[in-house]
Amino acid sequence: MTLRDGFTVKVQRQGEKKPHVEDMSIPSFSGSRQKVVHRTRLIDRDNDHYFERVTDHETGEVIHENKEKLSEHQGHGSARPKPKHK
């Protein structure tokens, strides 16, 4: 058995709805690869920064890396367009 750990941190100012910094580094299951990978993500709203890296635990291979302005990071997660029902 292999154990993997991670962390998630959210820094929020009093009276604000969204945290201004979100940082996480966690194991995550990849459906396309059918195994656990390591996901690292940093969202910095103050500095308009988004960074994400997904690596293979076993080989260290970088599977995916995305570094861009947060304002340009559209169409993902809750910003994804909803499917139209007939």
Student: Can you measure from OH (Tyr50) to CG (Asp44) and round to the nearest 0.5 angstrom?
Tutor: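 The CG atom of Asp44 is 13.5 Å from OH of Tyr50, to the nearest 0.5 Å.
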Student: Other residues, nucleotides and ligands only: do more than 12 of their heavy atoms fall within 6.0 Å of NZ on Lys10?
Tutor: no
Student: Who clusters with Val62? Use side-chain heavy atoms, under 4.5 angstrom, across I, L, V, M, F, W and Y, and order the result by chain and number.
Tutor: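 So far as hydrophobic clustering goes, Val62 is joined with none.
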Student: Would you name the heavy atoms of Thr55 and Val37 that are closest together and state the gap between them?
Tutor: O-CB, 3.4 Å
Student: Would you find more than 12 non-hydrogen atoms of other residues, nucleotides or ligands less than 6.0 Å from Asp46 atom CG?
Tutor: yes
Student: Mark yes or no for whether Arg45, through its side chain, and Pro19, through its backbone, hold a donor-acceptor pair below 3.5 Å.
Tutor: yes
Student: Can you list, pair by pair, the side-chain donor-acceptor contacts under 3.5 Å of residues 23-31, counting residues two or more places apart and other chains?
Tutor:
{"from": "Ser25", "atom 1": "OG", "to": "His38", "atom 2": "NE2", "distance (Å)": "2.7"}
{"from": "Ser30", "atom 1": "OG", "to": "Ser32", "atom 2": "OG", "distance (Å)": "3.3"}
{"from": "Ser30", "atom 1": "OG", "to": "Arg33", "atom 2": "N", "distance (Å)": "3.2"}

Student: Please name all residues satisfying side chain to side chain donor-acceptor pair (under 3.5 Å) with Glu65, sequence neighbours left out, ordered by chain then number.
Tutor: Arg53
Student: Taking the side chain as every heavy atom from C-beta outward, state whether Lys17 and Gln12 have any atom pair closer than 4.5 Å.
Tutor: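 No, their side chains stay 4.5 Å or more apart.
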Student: Should the pair Arg41-Glu22 be classified as a salt bridge under the 4.0 Å nitrogen-to-oxygen rule?
Tutor: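 Glu22 and Arg41: not salt-bridged.
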Student: Taking the side chain as C-beta and beyond, is there a heavy-atom pair between Ile43 and Lys18 under 4.5 Å?
Tutor: no
Student: Quick check against the 3.5 Å criterion: does Asp56 have a side-chain atom that pairs as donor or acceptor with the backbone of Glu61?
Tutor: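 A pair under 3.5 Å: no.
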